[in-house]
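In what follows, every chain begins at residue 1, and chains take the letters A, B, ... in the order their sequences are listed. Everything quoted here is computed from the prediction, not taken from an experiment. Note that these values count all heavy atoms, side chains included, but never hydrogens, waters or copies made by symmetry.
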Amino acid sequence: MTTIHVEETPHLAYVLRLADSALINSHRLSEWCGHAPMLEEDLALANIALDLLGQARLLYEHAAALEGRGRSEDDLAYLRDAPQFKNLLITELPRGDFAFTIVRQTLLSAFFHPFWQLARGSSDRTLAAIAGKAEKEVAYHLRHAGAWLVRLGDGTEESRKRTVEALETLWPYTGELFEVDAVGEAMIEAGIAPDPASVRPVFEQTIDRLLAEAGLARPVAAWMQTGGLRGVHTEHLGHLLAVMQHLQRAYPGAVW
Amino acid sequence: MYSQALNERIEGPRIVEDPEKLAAFQARIDAEERIEPNDWMPEAYRRTLIRQISQHAHSEVVGMLPEGNWITRAPSLRRKAALLAKVQDEGGHGLYLYAAAETLGVSREELYEQLLSGKAKYSSIFNYPTLTWADIGCIGWLVDGAAIMNQIPLCRTSYGPYARAMIRICKEESFHQRQGYEIMLTLCRGTPEQKAMAQDALNRWWWPSLMMFGPPDSESRHTEESMRWKIKRFTNDELRQKFVDATVPQGHYLGLTFPDPELRFDEATGHWRFGRIDWEEFKRVLAGHGPCNRERMAARRKAHEEGAWVREAVLAHAAKRRARERAQKIAAE
């Protein structure tokens with residue numbers, strides 16, 4: 001099937017962003033399955049990936065309903081190309097080592113936990129319901145990733161070095177979490193989306209508490225990466241989609 | 001899954017057991033009592049179980065690789081979720097089987113070391129590659145189907161912790177088997193290309209699936225003792241025949257052809273008769289010369305080596321915590 005074109009209203013664009021971030025984050029985590037440092041982590045990372053995949057599916061279903069053209073979750077996930085994906089850049093970066101994965105998941109969970117808590121009050125009833133489920137899941141993700149961040153930061157010289165390295169690489173991607181463009185403004189205005197500015201204090205408090213416990217310092221970013229919300233990605237997303245969408249693209253129209 | 005372990009010679013010094021204890025043990029087995037970790041048991045029984053349970057655990061863990069190969073390429077979000085959950089289940093099976101083996105006085109680390117060094121075996125089936133999406137269907141349908149044939153009797157095996165682990169594993173495996181068959185059904189009802197994909201996968205997985213039950217009874221060395229101790233309740237050939245009888249009609253319902261010109265229904269016995277299994281191939285793959293043996297072991301070793309710094313960090317952090325707690329306690333006193 002050829003690439004589809006989605007006529008994006010601000011509401012639809014907003015829901016797709018959340019769906020894309022959840023899906024791409026899930027994809028990167030799923031790459032660990034069978035290759036983690038210990039069997040327990042094969043299970044735990046797969047669990048988090050499954051939660052995020054579940055969130056993505058609900059969000060795509062909601063997006064498809066908002067579009068009202070009879071498309072499915074799979075059309076939205078498999079038949080859009082990289083510039084149409086609006087996920088946060090931080091989610092698409094290659095899986096890296098275990099420290100990289102843990103730092104990324106801590107940052108994302110520290111943001112999305114308070115985010116989903118606030119989104120429970122969304123005027124979009126479906127989004128509010130998804131938020132209710134996601135909030136509980138992400139609370140667990142934060143506990144798991146946060147505990148690992150502390151272990152790795154306050155572990156050996158090597159684990160500390162790797163964690164600091166990951167933190168410095170990833171920190172410039174946290175700016176995007178708080179970006180508000182015209183779509184975001186319209187959604188906040190309509191009471192559909194929480195204002196990320198109100199998420200920021202909780203995010204910073206969580207990160208500072210975990211970093212203090214891990215004996216690490218919050219990096220100072222001279223600048224922040226941006227682009228995901230506009231579909232301007234890193235070099236990595238195209239490769240990820242080439243893998244993920246392979247069968248749907250190779251056998252157009254087939255049902256799996 | 002994988003009773004191939006029962007066909008290998010158990011190493012170690014020969015131990016002469018106390019005949020009275022041995023007789024009492026056999027009486028308990030004959031009375032269908034479960035043997036528990038703290039009960040007396042013959043050394044050969046313990047060794048056989050450690051060998052079998054750990055080989056089963058290793059098979060689950062190595063088995064994560066061929067199916068994991070398709071997680072990022074699953075063709076729909078529903079299939080992706082099901083596959084990821086399935087591979088996760090296999091890791092879970094590995095975990096509780098290692099735990100069951102630990103009740104026999106051996107550590108998970110020691111067992112895992114045996115896998116990584118190549119001393120311990122795992123099921124030969126996982127040394128075959130997963131080349132198309134239909135392979136994921138075939139693994140569920142045939143490989144998990146064969147596993148279930150092996151495992152259902154193991155739910156009544158004489159060693160308690162193993163039997164209990166198997167009950168849970170069987171429930172999950174039968175779910176996997178249904179999922180796999182459903183993938184095959186969808187492919188066979190799909191486009192001609194999808195159906196060809198399903199046929200190709202059956203051609204490649206059929207014979208290796210039959211080999212999963214281990215060598216024929218005539219060549220199986222340890223069946224008798226394992227049967228007497230009720231570790232094993234059916235012979236390799238009995239289980240293989242049950243599997244063929246159950247599976248052939250399923251394949252025909254899919255509209256697929258089995259890659260065996262000698263396959264025919266025997267009216268007199270009610271069994272499906274099948275052609276000769278290539279035992280040379282089986283032996284070759286078990287000996288390390290299958291399509292993916294080296295890759296599978298390299299992947300397991302790589303994950304283990306790359307994870308070493310993480311496991312060291314966990315221990316270092318735990319030690320630091322304990323030291324801090326001690327210091328706090330002393331300061332408080």
Contact origin within A:Trp32 toward chain B - heavy atom pairs under 4.5 Å: neither
Test item: B:Arg300 side-chain N/O and A:Gly34 main-chain N/O as donor-acceptor pair under 3.5 Å: yes
Close side-chain approach of A:Tyr251 and B:Gln194, heavy atoms under 4.5 Å: no
Closest heavy-atom pair and its distance - B:Ala81, A:Leu50: O-CD2, 3.4 Å
Ion pair check, B:Glu312 and A:Arg162, cut-off under 4.0 Å: no
Region of A:Ala36 that comes under 4.5 Å of a non-hydrogen atom in chain B: backbone
Criterion side chain to side chain contact (heavy atoms under 4.5 Å, CB included) on B:Met64 and A:Leu39, from CA distance to verdict: CA-CA 11 Å; B:Met64 295 171 82; A:Leu39 206 40; 4.2 Å; yes
Segment of B:Val61 engaging chain A (4.5 angstrom heavy-atom cut-off): side chain
Toward chain A, the part of B:Gln88 with a non-hydrogen atom under 4.5 Å: both
A:Leu23 and B:Leu77, any side-chain heavy atoms less than 4.5 Å apart: yes
Contact class of B:Ile71 relative to chain A, heavy atoms under 4.5 angstrom: side chain
Neighbour count above 12 (heavy atom, 6.0 Å) for B:Arg321 CZ: no
Side-chain touch A:Glu40/B:Leu95, heavy atoms, less than 4.5 angstrom: yes
Stepwise side chain to side chain contact (heavy atoms under 4.5 Å, CB included) check, A:Asp154 with B:Arg324: CA-CA 12 Å; A:Asp154 184 34; B:Arg324 275 198 296 267; 2.8 Å; yes
Taking every non-hydrogen atom, the tightest pair across B:Arg78 and A:Glu73: N-OE2, 4.1 Å
Chain A contact via B:Arg73 - side chain, backbone, both or neither, heavy atoms under 4.5 Å: both
Side-chain touch A:Lys161/B:Trp309, heavy atoms, less than 4.5 angstrom: no
Residue B:Lys80 versus chain A: region with a heavy atom under 4.5 Å: both
Neighbour count >12 (heavy atoms, 6.0 Å) for atom CD, A:Glu165: no
Straight-line distance of A:Cys33 SG to B:Leu65 CG, nearest 0.5 Å: 9.5 Å
Heavy-atom proximity to chain B below 4.5 Å, by part of A:Leu53: side chain
Heavy-atom side-chain contact between A:Glu41 and B:Val310 under 4.5 Å: no
Minimum heavy-atom distance between B:Gly92 and A:Leu43, given as atom pair plus value: N-CD2, 3.5 Å
Contact check, side chains of A:Leu152 and B:His317, non-hydrogen atoms, under 4.5 Å: no
Step-by-step side chain to side chain contact (heavy atoms under 4.5 Å, CB included) determination, A:His27 to B:Thr72: CA-CA 7 Å; A:His27 185 103; B:Thr72 56; 3.5 Å; yes
Whether B:Arg311 side chain and A:Pro37 backbone form a donor-acceptor pair below 3.5 Å: yes
Atom group of B:Tyr98 that falls short of 4.5 Å from chain A, counting heavy atoms: side chain
